Protein chains: 2
Amino acid sequence: MKKEITIYDLAEKLNISATTVSRGLQNHPAININTKKKIFDLAKELGYQSNKFASSLRKQKTHTIGVIVPRLNSLFMSSVLSGIEKVVNNAGYNLIISQSFEQEEKEKTNAITMYNNRVDALIVSLSYDSADFTHFNNFINKGIPIVFFDRVTDSLPVTKVVIDNFKAGYDATMHLIEQNCKSIMHITGNLTRNVYKDRYEGYRKALADSYIPFSDDLFITNDLSEQEIYNAVTNNILKRKQLPDGLFATNDSAAAYALTLFKEAGLKVPEDIAIVGFNNDFISKVTEPAITTINYPGNEMGENVARILINHLDGEGDLSLTSTVILNSELIVRGSSLKSKV
Amino acid sequence: MKKEITIYDLAEKLNISATTVSRGLQNHPAININTKKKIFDLAKELGYQSNKFASSLRKQKTHTIGVIVPRLNSLFMSSVLSGIEKVVNNAGYNLIISQSFEQEEKEKTNAITMYNNRVDALIVSLSYDSADFTHFNNFINKGIPIVFFDRVTDSLPVTKVVIDNFKAGYDATMHLIEQNCKSIMHITGNLTRNVYKDRYEGYRKALADSYIPFSDDLFITNDLSEQEIYNAVTNNILKRKQLPDGLFATNDSAAAYALTLFKEAGLKVPEDIAIVGFNNDFISKVTEPAITTINYPGNEMGENVARILINHLDGEGDLSLTSTVILNSELIVRGSSLKSKV
DNA sequence: TTGTAAGCGTTATCAC
DNA sequence: GTGATAACGCTTACAA
């Protein structure tokens with residue numbers, strides 16, 4: 001293992017001081033242009049690499065951004081991450097990523113790790129069951145910016161990037177109503193999470209506006225795993241005497257899986273039951289029929305989150321002024337819900 | 001912004017030296033148990049956080065592992081990452097993740113960034129077009145372990161974790177032949193990548209073993225994007241006088257999309273054309289018919305990669321002894337290929 | 001069992 | 001325009 005090259009090595013060879021080398025490397029305006037050139041040339045020649053630890057230690061800044069998400073293995077989340085990574089990387093920051101596996105406990109330890117790693121900023125999408133948010137207080141007290149996206153909370157004074165889930169839920173439900181559905185189910189996640197709660201409320205409002213009474217029987221909430229969707233469809237919905245004629249599922253995987261199970265049971269989609277999903281994952285395009293869904297641009301959301309943060313860290317833009325950013329989302333109508341040709 | 005607590009603060013309050021505090025915090029065996037307790041108690045009380053930069057600077061070790069993958073936004077990759085994150089995190093390491101966006105150039109800059117970040121180890125799945133691997137020499141020369149997974153190369157002396165793509169390709173093709181397919185297409189990616197090359201060779205071997213001549217017309221290679229698959233199916237395959245009666249696609253998304261396009265064109269699957277995909281993504285379960293595929297456990301692969309690395313870093317296990325790890329994969333037969341009920 | 005002192009590589013401050 | 005020096009917070013010989 002060969003020894004690392006430091007600014008002292010460069011300084012010695014050039015017969016100047018380490019200070020000057022440091023300044024030169026950072027393009028300090030007061031340094032003579034020729035000196036700079038000499039420094040850069042030698043640095044390149046010797047393969048000099050700046051030591052980030054020394055620099056971070058000295059500057060008390062890490063150029064690292066922490067990300068805590070519920071899970072890495074969903075298409076939506078990957079797209080968001082992809083967007084974040086792109087922007088953040090271009091701005092010269094690094095990303096430390098961890099998953100809470102949908103558990104508050106893991107989220108807490110992850111937050112501590114991030115704090116110990118002295119991240120310059122934190123990006124969070126909350127776990128399924130997080131109800132207590134004290135693990136973020138460290139950051140807030142120390143002035144480390146946090147941005148929440150998708151799964152957010154109002155109980156913390158931080159920037160949020162979301163879509164209008166209420167409107168999306170309303171639109172999805174209204175669309176089913178317009179397709180003449182009278183008995184519309186809604187399958188969704190934990191109602192303490194804003195995304196699910198808002199969609200649910202949109203669903204209820206659309207029913208109310210259409211004078212369709214809400215029924216507890218038509219509303220299912222679970223953890224949205226493959227297993228739970230299977231249970232809900234096979235052991236619950238399909239066992240009923242009176243089947244629903246519409247389903248609004250809170251994500252496309254659930255919608256696609258339900259669609260598959262319905263068809264296996266001999267039901268026709270959309271004739272017997274019309275389906276609307278959420279997210280516009282690729283999966284919604286390859287079922288038969290293709291699934292009507294809400295376009296939810298994960299990549300764009302990730303890029304927005306990252307951009308807001310970078311602007312703040314680099315001193316442009318004020319995070320506190322833009323405390324909630326709402327991105328566009330819209331209904332995409334496909335075969336799974338189109339009973340009537342309008 | 002309140003000042004950080006350091007070991008000196010603890011030392012002062014306890015009237016001992018910083019050295020003792022440092023040792024105590026690390027459970028050094030020579031430190032008196034009561035002293036230790038006092039140290040830990042005070043550390044907790046004051047909310048002391050070890051400064052990783054100072055520690056890294058001093059120890060020349062970062063407890064950080066770098067990951068470079070082609071893209072983050074695929075289900076397979078997310079599963080791998082999820083597996084890596086889980087193991088690595090449990091072992092107290094951090095993850096820095098970056099994507100090459102399938103470009104050698106970006107992969108090179110990512111590698112440099114990782115190197116500058118002084119990662120303790122590197123995990124890589126190669127980009128679509130990487131042909132030159134000199135950007136990994138820094139790591140190799142310095143003895144920083146690298147593990148490749150999925151998209152690997154033989155030209156570097158590093159550990160590799162893969163599945164037997166040749167066998168998988170052979171099995172997939174053989175299955176189609178057994179279903180009486182006579183004209184079997186193969187759609188895959190860049191043949192310089194081991195995964196695609198090996199599957200391709202498995203495909204050819206299965207044909208050869210069955211005395212079916214290979215035909216260039218039945219072989220398509222492209223970048224596997226949605227657009228390219230659309231082109232291949234719509235502007236090429238469907239325009240032929242003589243349609244193929246079998247398709248082996250190198251991933252499930254491509255298979256699912258092709259299946260959808262075939263059906264739109266009025267073809268029947270599997271009667272007119274039988275399809276086999278690859279990966280066993282969730283998407284393969286919700287098409288109609290469901291897609292026969294090769295089970296490729298991303299999560300397991302990620303966990304294996306991470307475990308090998310951690311063992312090595314922690315001094316157990318010798319990386320050089322286990323230079324290629326081959327994980328199991330097997331054919332999962334579903335409706336998309338089942339012409340005959342055997 | 002504990003302490004002293006040096007050093008990891010950088011950058012901020014002050015001086016010239 | 002450039003340099004000397006101290007400091008960031010930790011670990012580790014070496015000493016006691």
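Bear in mind the structure is a predicted one, so any value in this text is a computation, not a measurement. Chain naming here is simple, since letters A, B, ... match the order of the sequence lines and numbering starts at 1 in each.
- In this structure A:Arg118 satisfies the side-chain contact (heavy atoms from CB on, under 4.5 Å) test together with A:Thr62, A:Lys142, B:Glu4, B:Gln49, B:Asn51, B:Phe53, sequence neighbours excluded.
- Within 3.5 Å, a donor on the side chain of A:Arg58 pairs with an acceptor on the base of C:dT11, or the reverse.
- Within residues 25-46 of chain A, the residues approaching DNA chain C are A:Gln26, by heavy-atom distance under 4.0 Å.
- D:dT12 atom C1' lies 17 Å from atom NZ of B:Lys61, rounded to whole Å.
- Distances were taken from every side-chain heavy atom of A:Gln60 (C-beta onward) to each of D:dC8, C:dG9, D:dT11; the shortest belongs to D:dC8.
- Summarising the geometry, the separation between CG on B:Asn15 and C1' on C:dG3 is reported as 13 Å, rounded to the nearest angstrom.
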Q) What dot-bracket string describes DNA chain C from 5' to 3', counting Watson-Crick and G-U wobble pairs whose defining distances are under 3.5 Å, with [ ] for crossing pairs and | for pairs to another strand? A) ||||||||||||||||
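- Going from atom CZ of A:Arg118 over to atom P of D:dC8 covers 14 Å, rounded to whole Å.
- For D:dG3, the OP1/OP2 oxygens have a side-chain nitrogen or oxygen of A:Ser17 closer than 4.0 Å.
- Listed nucleotides: C:dG9, D:dG3, C:dA6. Nearest to the side chain of A:Thr19: D:dG3.
- The backbone N or O of A:Pro70 lies less than 3.5 Å from no partner atom in the side chain of A:Glu102, so there is not a single donor-acceptor pair.
- Relative to the side chain of B:Arg23, the nucleotides C:dT10, C:dC8, C:dG3 differ in distance, and C:dG3 lies closest.
- Side-chain contact, A:Thr109 with A:Glu105: no donor N or O sits under 3.5 Å from an acceptor N or O.
- Nucleic acid contact for B:Ser55: sugar-phosphate only, since backbone atoms but no base atoms lie under 4.0 Å from a heavy atom of the residue.
- A donor atom on one side chain and an acceptor atom on the other are found under 3.5 Å apart for A:Thr20 and A:Ser17.
- A side-chain N or O of A:Glu107 and one of A:Ser130 form a donor-acceptor pair less than 3.5 Å apart.
- With hydrogens and angles ignored, the 3.5 Å screen pairs no side-chain donor or acceptor of B:Arg151 with any backbone N or O of B:Val124.
- Between B:Lys59 atom NZ and D:dG9 atom P there is a gap of 17 Å when expressed in whole angstrom units.
- The nearest heavy atom of DNA chain C to B:Ile16 and to B:Tyr8 marks one nucleotide each, and the one closer to the 5' end goes with B:Ile16.
- For A:Ser56 (side chain) and A:Lys61 (main-chain N/O), a donor-acceptor pair under 3.5 Å exists by modelled atom type.
- Checking side-chain atoms of B:Asn190 against main-chain N and O of B:Asp129 turns up no donor-acceptor pair under 3.5 Å.
- Following rounding to the nearest Å, A:Leu57 (CG) and C:dA12 (P) show an atom-to-atom distance of 12 Å.
- In this structure, B:Phe101 has its ring center at least 6.0 angstrom away from the ring center of B:Tyr128.
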Q: Go through A:Val195 and A:Asp150 one step at a time and tell me if the side chain to side chain contact (heavy atoms under 4.5 Å, CB included) criterion holds.
A: CA-CA 7 Å; A:Val195 286; A:Asp150 191 47; 3.4 Å; yes
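- Ranking C:dT2, C:dA12, D:dC10 by closeness to the B:Thr20 side chain, first place goes to C:dT2.
- Protein atom CG of A:Asn51 is 11 Å distant from nucleotide atom P of C:dC8, rounded to whole Å.
- B:Leu14 has its CG atom 14 Å from the C1' atom of C:dT2, to the nearest Å.
- Nearest to the side chain of B:Ile7, among D:dC10, C:dA12, D:dG3, sits D:dC10.
- One interatomic measurement links the two molecules: NZ of B:Lys52 to P of C:dG9, which rounds to 21 Å at whole-angstrom precision.
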